[in-house]
Amino acid sequence: MADSDVGAASDAYGRAGGGRRSGRAVTVAAAGVLALATLAVGCGPQDPGADALRQPSAPATTAPPAPSPSPTDDGKGATAGATTEPATTTPPASPSTTPPPAEPVTAPPPTARPSTAPPRVLLRTGSEGAQVRELQARLRQIGHFGRTPTGYYGTVTAEAVRSFQAKRGTEATGATDAVTWRKLLAMTRTPTADELDPPTERPVAKPDQRCLTGRVLCISKKSRTLAWMIDGRVVSAMDVRFGSEYTPTREGEFPVFWKSRDHVSTLYDTPMPYALFFSGGQAVHYSADFAANGYGGASHGCVNVRDKAKVAALFDQVKNGDKVVIYW
């Protein structure tokens, strides 16, 4: 539309309104002129690049994305009346609000566990001496050991201790530990000298006539005792055992012809301490087996003594040539 056409239209409008132009009419007319001008430049697609250049720049990390154009856009890519809020960042915590450093965690001290170590063993199989003799004497007082003390801790003594432990509710090991010993002391009295060292388990037999003169080892198979006699007087006495029916101990009168303190049998390879030989390979000597097992066993023909202290003293007193009398 040409400028002359615009003027003519304006005049026509004025005449139709009776020659009076109100403020609203002027505004409407101006809008119409603007619309005509827009049609003159054309309505091609928007240039997104140009719109982007016209948008306010914002940090890529904080600004929200630009809204998509809508039918109400003003052609500049922003909605009319819309405002962009500035990006906000969290302020750093002030020193007063910083949490205090965590205190180190300390583990509680370990709880002490009760000791599970077994009580200390005082005496066991193979032990020997005065304390073993006392142990046997105390056990005998309360009926757990049916023999005379020998001073040697063998299977018989171990079984007696085991019996005592089982009856008192402790572990029946057969070894005398500190707990067992304390219990035994509390239940018994101090043994007398005769209880600790009795002459023999059985009464000494009446001596054979051949034993009444001189220095004699007077040995009775019936009473199973040996009496060391000098001129009819008993100096000491001890329990003995003999050979089995297959290896019997000889009977009769013999001289002591050889003494061997630490003898070992060449035939049976067994120890024969304090050996007093009287007939071939037969001798009076200490027997650990006899001390341990009592009369449950037998010798190979020798006269076994189970009291080590007594046979050791006998060995020191007897001389070669002294008599040995073995009888029933």
Side-chain angles (χ1 to χ4, degrees), residues 113-203 223-226 237-244 264-265 268-274 285-300 302-313:
R113 296 182 178 180
S115 174
T116 57
R120 183 169 60 95
V121 174
L122 305 177
L123 301 166
R124 55 167 56 89
T125 301
S127 300
E128 52 187 320
Q131 191 173 6
V132 175
R133 189 179 292 276
E134 181 181 352
L135 168 71
Q136 294 166 336
R138 287 181 180 273
L139 287 170
R140 190 176 188 182
Q141 288 178 14
I142 54 177
H144 285 279
F145 190 75
R147 303 179 180 182
T148 56
T150 63
Y152 181 82
Y153 203 122
T155 57
V156 174
T157 304
E159 186 57 36
V161 171
R162 191 175 292 111
S163 172
F164 174 80
Q165 291 170 327
K167 191 169 183 179
R168 269 67 194 177
T170 58
E171 186 179 2
T173 63
T176 303
D177 54 42
V179 173
T180 301
W181 183 250
R182 285 196 298 268
K183 287 180 178 290
L184 185 60
L185 291 180
M187 297 180 62
T188 57
R189 54 176 171 73
T190 302
T192 65
D194 285 342
E195 288 176 325
L196 289 171
D197 194 15
T200 60
E201 183 175 280
R202 298 184 179 187
S223 67
R224 294 189 290 192
T225 58
L226 180 155
M238 56 204 75
D239 296 320
V240 293
R241 74 176 182 182
F242 308 99
S244 67
V264 177
S265 171
Y268 300 105
D269 194 30
T270 55
M272 298 171 56
Y274 308 108
H285 68 83
Y286 170 72
S287 169
D289 181 75
F290 182 27
N293 300 312
Y295 290 101
S299 74
H300 292 99
C302 290
V303 178
N304 290 164
V305 180
R306 64 181 177 187
D307 191 319
K308 193 173 185 178
K310 286 186 176 182
V311 74

**OP:** Answer whether the closest heavy-atom distance between the side chains of L185 and R138 falls below 4.5 Å.
**Re:** yes
Original post:
Are the side chain of T155 and the backbone of A292 linked by a donor-acceptor contact shorter than 3.5 Å?
Top reply: yes
Subject >> Beyond-backbone contact of H285 with N304, side-chain heavy atoms, under 4.5 angstrom >> reply: yes
Original post:
Does any N or O in the side chain of E134 come within less than 3.5 Å of the main-chain N or O of P191, such that one atom is a donor and the other an acceptor?
Top reply: no
**OP:** Check whether any side-chain heavy atom of Y274 sits under 4.5 Å from a side-chain heavy atom of V305, and report yes or no.
**Re:** no
Subject >> Euclidean distance, L139 CG relative to E159 CD, rounded to 0.5 Å >> reply: 11.5 Å
Subject >> Residue pair T200 / T148, side-chain heavy-atom distance below 4.5 Å >> reply: no
Original post:
Are any of the side-chain nitrogens in D239 or K310 under 4.0 Å away from the carboxylate oxygens of its partner?
Top reply: no
Subject >> H300 vs S265 side-chain heavy atoms within contact, under 4.5 Å >> reply: no
Subject >> Closest heavy-atom pair and its distance - H144, S163 >> reply: ND1-OG, 3.0 Å
Original post:
Can any side-chain N or O of R241 pair as donor or acceptor with the backbone N or O of Y295 at less than 3.5 Å?
Top reply: no
Original post:
Side chains of Y153 and Q131: closer than 4.5 Å at any heavy-atom pair?
Top reply: no
Original post:
Going by heavy atoms in the side chains, are L135 and W181 under 4.5 Å from each other?
Top reply: yes
**OP:** Mind checking the OG1-OH spacing from T157 to Y152? Nearest 0.5 Å is all I need.
**Re:** 9.5 Å
Subject >> D307 side chain near D197 side chain, heavy-atom distance below 4.5 Å >> reply: yes
**OP:** Spell out, as yes or no, whether a donor-acceptor pair under 3.5 Å connects the side chain of Q165 to the backbone of T180.
**Re:** no
Original post:
Taking the side chain from Q136 and the backbone from T150, do they hold a donor-acceptor pair closer than 3.5 Å?
Top reply: yes
